[in-house]
Amino acid sequence: MPDYLAQFAEPFGYLDFARFGPVSESVRRVLVREADRLHRRGWAALERLDAETEATARTAGGLLGCAPHEIAFVGSTSHGLFAAAHAFTRPQGGADGTVLVARTDFPGALYPWLRAAGNGGLAVRQLDGPLTVDTVRAHLDDRVRAVAVCAVDAATGFRAPLAGLKELIGPDRVLVVDAVQALGAVEFAADAADVLAAGGQKWLRAGWGAAVLMVRDRVAGLLGPGLGGWSGVLDPLEAPAHPCPPRPGAVAHTLTNPDGLAVAALGAALALVRDAGAGRIEARIGEVLGGLLVAARSAGAETAGGPGEPGGSGSAIARLRLPGADPEAVHRALTAAGLATTLRGGWIRLSPHASTDPAAAEPLAEALDRVRRGVRAA
């Protein structure tokens, strides 16, 4: 294994990072250290966690190409997307504002907009996915104020053309990006995103409890405080009356202060990506995923997505299925072989990390071959 992956670690055969990533060794150490400090030092430990939060904002800003004040921390990707969805209000008079979303995107990327629409937010226009430049262009009109998209589709691994989408919609519309299946796994056009949310529990391997929320200054004038709570306003404890003016930057969209321990873990995870290099991580994942798909095809499986395939997704997610076999039986066989995967829509999803042992391809092929032989014998 390359030296830059020394801090990564997971059980052999774990191929399910698109669902959850076992925390890295560097994150584990930070969690233990900061929990011990909270236990022993009380209030003084909170000052250290505040400093960790500032450092994490700088690290996240460096990875996403934005200023630290354009970064805030919320509890989850969904939390960040709900904040984004509620930052829009329909204009008074004239046509209602609209957001374009893909009906096939992960539900966590769709429901914030549906709930906001029910509370006076933008009307939701659901398009047949995935969202491509041509798909969006066909529905772009004066009512559209935002486009919401997953940088990488959780089911298929499709990578959205973020740069093309932002160029198409222009500076007066907001591109909102769910990046939880991209950040930490692949390089992507983060500079195209006006608003971005990404939790740490998947490819970043930071566990639950903290997510990056990026809100760029260039769209600040297009958004209201939405779900912003006391942590997002100026001088909330000294104000003679409420509501107070929102604070500048992404923090205006926060409900309350973040979980400092979770943010410290997220900071360690982001630093690991920074130090290893997103490009190197992506290249290594491509090698491992490519080997798994070759092994799967050698055992008679049909595959979709992944590197080097016609129509390949170019992301860290691919799928397989075994013709003639019950998908649930295939999934059980892989689990029995010590391989962690996800069954979704009749396909087995493969999502290895850069540190996945390439030798996992062998039990994958053997398990698939056993199922295939069983189908033939039936």
Side-chain angles (χ1 to χ4, degrees), residues 38 43-61 64 66-92 97 99 111-113 115-122 145-146 148 172-179 193-200 208-264 266-267 270:
L38 284 171
W43 183 257
L46 298 184
E47 296 179 356
R48 170 61 183 265
L49 287 177
D50 286 343
E52 292 275 1
T53 298
E54 293 177 3
T56 302
R58 291 192 295 271
T59 303
L64 296 173
C66 67
H69 74 268
E70 294 176 301
I71 296 290
F73 300 103
V74 292
S76 65
T77 308
S78 290
H79 182 165
L81 296 176
F82 265 92
H86 283 79
F88 293 88
T89 56
R90 295 187 186 181
Q92 297 297 316
V99 59
Y111 269 87
W113 303 99
R115 298 305 185 216
N119 291 319
L122 300 181
R145 295 175 59 193
D172 296 326
R173 299 184 179 95
V174 180
L175 183 63
V176 180
V177 177
D178 175 343
D194 297 311
V195 178
L196 177 148
W208 284 279
V212 172
L213 173 61
M214 180 191 73
V215 181
R216 293 193 187 273
D217 290 343
R218 68 193 185 206
V219 295
L222 303 177
L223 305 175
L227 296 182
W230 75 273
S231 62
V233 300
L234 295 169
D235 301 320
L237 302 181
E238 305 296 333
H242 294 279
C244 303
R247 292 169 62 183
V251 72
H253 300 276
T254 62
L255 288 169
T256 188
N257 291 328
D259 178 342
L261 189 61
V263 173
L266 181 60
L270 291 167

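Just so it is clear, the structure is predicted and the values come from calculations on it, not from any experiment.
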Interatomic distance, [X] atom [atom1] to [Y] atom [atom2] [nearest 0.5 angstrom]:
X	Y	atom1	atom2	answer
H86	H253	NE2	NE2	13.5 Å
F88	L223	CZ	CG	5.0 Å
L49	N257	CG	CG	11.5 Å

Contacts under 3.5 angstrom, residues 210-221 side chains, donor-acceptor by atom type, not counting sequence neighbours:
| residue | atom | partner | partner atom | Å |
| --- | --- | --- | --- | --- |
| R216 | NE | A193 | O | 2.7 |
| R216 | NH1 | G65 | O | 3.1 |
| R216 | NH2 | L64 | O | 3.0 |
| R216 | NH2 | A190 | O | 3.0 |
| D217 | OD1 | H69 | NE2 | 3.1 |
| D217 | OD2 | H69 | NE2 | 2.7 |
| R218 | NE | D194 | OD1 | 2.7 |
| R218 | NH1 | D191 | O | 3.3 |
| R218 | NH2 | D191 | O | 2.9 |
| R218 | NH2 | A192 | O | 3.4 |
| R218 | NH2 | A193 | O | 3.1 |
| R218 | NH2 | D194 | OD1 | 3.0 |

Would you list the atom pairs, donor with acceptor, under 3.5 Å between side chains in residues 235-247 and any protein atom, with sequence neighbours excluded?
| residue | atom | partner | partner atom | Å |
| --- | --- | --- | --- | --- |
| H242 | NE2 | P236 | O | 3.4 |
| R247 | NH1 | S231 | O | 2.9 |

Between H79 and L255, does a side chain to side chain contact (heavy atoms under 4.5 Å, CB included) hold up when you go through it step by step?
CA-CA 9 Å; H79 182 165; L255 288 169; 3.5 Å; yes
Can you give me the closest heavy-atom contact between [X] and [Y], atom names plus distance?
X	Y	value
G209	D259	O-CB, 4.1 Å
R145	G97	CD-CA, 3.8 Å
A85	A116	O-CB, 3.7 Å
L122	A146	CD1-CB, 4.2 Å
C66	E70	CB-OE1, 3.1 Å

Can any side-chain N or O of T254 pair as donor or acceptor with the backbone N or O of A250 at less than 3.5 Å?
no
Looking only at atom types and distance, does a side-chain atom of T77 sit under 3.5 Å from a main-chain N or O of G199, one as donor and one as acceptor?
yes
Is there a side chain to side chain contact (heavy atoms under 4.5 Å, CB included) between L81 and Y111? Walk through the geometry before answering.
CA-CA 9 Å; L81 296 176; Y111 269 87; over 6 Å; no
L175 side chain near L196 side chain, heavy-atom distance below 4.5 Å
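Heavy-atom side-chain distance check fails, nothing below 4.5 Å.
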List in chain and number order the residues that pass side chain to side chain donor-acceptor pair (under 3.5 Å) with R48, two or more places apart in sequence or in another chain; answer none if no residue qualifies.
E52
What salt bridge (Lys or Arg N to Asp or Glu O under 4.0 Å) pairs are there with at least one residue in residues 220-233, not counting sequence neighbours?
none
Using the ring pair (Phe, Tyr, Trp, His ring centres under 6.0 Å) criterion, which residues pair with W230? Sequence neighbours excluded.
none
By side chain to side chain contact (heavy atoms under 4.5 Å, CB included), which residues pair with T53, not counting sequence neighbours?
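Partners of T53 under the side chain to side chain contact (heavy atoms under 4.5 Å, CB included) test: F73, V263.
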